[in-house]
Amino acid sequence: AQSVSQHNHHVILSEAASLELGCNYSYGGTVNLFWYVQYPGQHLQLLLKYFSGDPLVKGIKGFEAEFIKSKFSFNLRKPSVQWSDTAEYFCAAKRPGGGNKLTFGTGTQLKVEL
Amino acid sequence: EAQVTQNPRYLITVTGKKLTVTCSQNMNHEYMSWYRQDPGLGLRQIYYSMNVEVTDKGDVPEGYKVSRKEKRNFPLILESPSPNQTSLYFCASSLAGGMNEQFFGPGTRLTVL
């Protein structure tokens, strides 16, 4: 069964600190990967996605993620966080031909302090 | 504006009282899905639909029903709600095909007493 793991459940950073959130998936084949963000009280929004090609994917708001196939990982990074990045971040995976089914990780709650 | 809408946004009800949460999208998407979000568990899929009259169970379908009579609507029905269905519910839609982004509704916070 496909699963997605996010090992950091709560992260607290100061403004301007660098961010890296871990995501690992267990599916051993071609997989599409996503990072979604949920700001307080809002719905999920897509930050970035990986389907194929360049393993370094750039998304909105200065976020990027690197797909490392050998490590089954898709970690999210941002060089310098802002207070407005306080949100919950979800990694998700979809197997092509798997009927659009998205499997989500448990989420990482990020708090950025001034 | 392209969007997924859900109603109601907040609902407090009692055990056993049937309820329906509506979901509608205006993007002509084939695929629609319902998720529940619980602390520490992330989002889990309840039911999904690949197109009109085509629905299937997700990971946590027990206690829920859905229907897809029109392409734009995908209501979630709780015939006899129980307290363990207290949760935050999200509807999502996308074009068919694995490479397409899912768009999420604003969420419905349900409390079952």
Side-chain angles (χ1 to χ4, degrees), chain A residues 1-10 21-27 29-53 57 59-60 67 87-110, chain B residues 1-7 9-10 21 23-25 27 29-51 54-61 68 74 87-109:
Chain A
Q2 182 180 2
S3 72
V4 177
S5 302
Q6 292 180 245
H7 303 294
N8 315 104
H9 299 297
H10 292 90
L21 301 182
C23 173
N24 289 92
Y25 61 95
S26 64
Y27 184 70
T30 304
V31 64
N32 301 149
L33 297 160
F34 304 78
W35 275 98
Y36 281 86
V37 61
Q38 185 179 30
Y39 297 104
Q42 296 190 27
H43 61 283
L44 278 80
Q45 302 170 45
L46 183 68
L47 271 180
L48 48 80
K49 59 187 176 184
Y50 172 78
F51 292 122
S52 63
V57 179
I60 61 171
F67 170 61
E88 190 159 18
Y89 292 81
F90 292 94
C91 183
K94 186 193 296 184
R95 181 170 61 88
N100 285 59
K101 178 180 170 62
L102 264 180
T103 300
F104 283 86
T106 54
T108 297
Q109 191 73 247
L110 171 66
Chain B
E1 180 190 353
Q3 60 183 347
V4 179
T5 57
Q6 295 178 227
N7 282 291
R9 296 289 312 280
Y10 303 90
V21 184
C23 172
S24 183
Q25 50 91 7
M27 296 171 277
H29 286 166
E30 295 88 3
Y31 181 86
M32 298 186 74
S33 181
W34 276 103
Y35 298 88
R36 59 177 290 173
Q37 182 182 8
D38 301 290
L41 297 177
L43 280 83
R44 294 176 292 167
Q45 191 181 53
I46 303 170
Y47 268 95
Y48 65 94
S49 169
M50 297 298 292
N51 215 323
V54 181
T55 64
D56 208 345
K57 297 177 180 178
D59 297 318
V60 288
R68 187 89 182 274
F74 189 46
S87 187
L88 179 59
Y89 291 87
F90 287 100
C91 180
S93 74
S94 73
L95 291 169
M99 297 179 70
N100 293 297
E101 172 191 352
Q102 286 192 24
F103 293 85
F104 285 80
T108 295
R109 186 165 291 282

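The structure presented is a predicted model; accordingly, all values stated were derived computationally and were not measured.
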Rounded to the nearest 0.5 Å, how far does CD of Q45(B) lie from NZ of K101(A)?
4.5 Å
State, with a plain yes or no, whether a side-chain heavy atom of H43(A) is found less than 4.5 Å away from one of F90(B).
yes
Close side-chain approach of L43(B) and L102(A), heavy atoms under 4.5 Å:
no
Under a 4.5 Å cutoff for heavy-atom pairs, which residue among G42(B), A92(B), G58(B) has the most contacts with chain A?
G42(B)
F104(B) side chain reached by Q42(A) side chain, heavy atoms, under 4.5 Å
no
Could you tell me which non-hydrogen atom of Y36(A) sits nearest to which non-hydrogen atom of Q102(B), and how far apart they are?
OH-O, 3.2 Å
Contacting moiety of F103(B), where chain A heavy atoms sit under 4.5 Å:
neither
Select one option (side chain, backbone, both, neither) describing which atoms of Q38(A) are under 4.5 Å from chain B's heavy atoms.
side chain
Which region of L41(B), side chain (C-beta onward) or backbone (N, CA, C, O), has a non-hydrogen atom less than 4.5 Å from a non-hydrogen atom of chain A, or is it both or neither?
backbone
Can you tell me which portion of E88(A) sits under 4.5 Å from chain B's heavy atoms? Options are side chain, backbone, both or neither.
side chain
Residue R109(B) excluded, over 12 heavy atoms near CZ under 6.0 Å:
no
Out of curiosity, E101(B) CD to L48(A) CG, how far, rounded to the nearest 0.5 Å?
11.0 Å
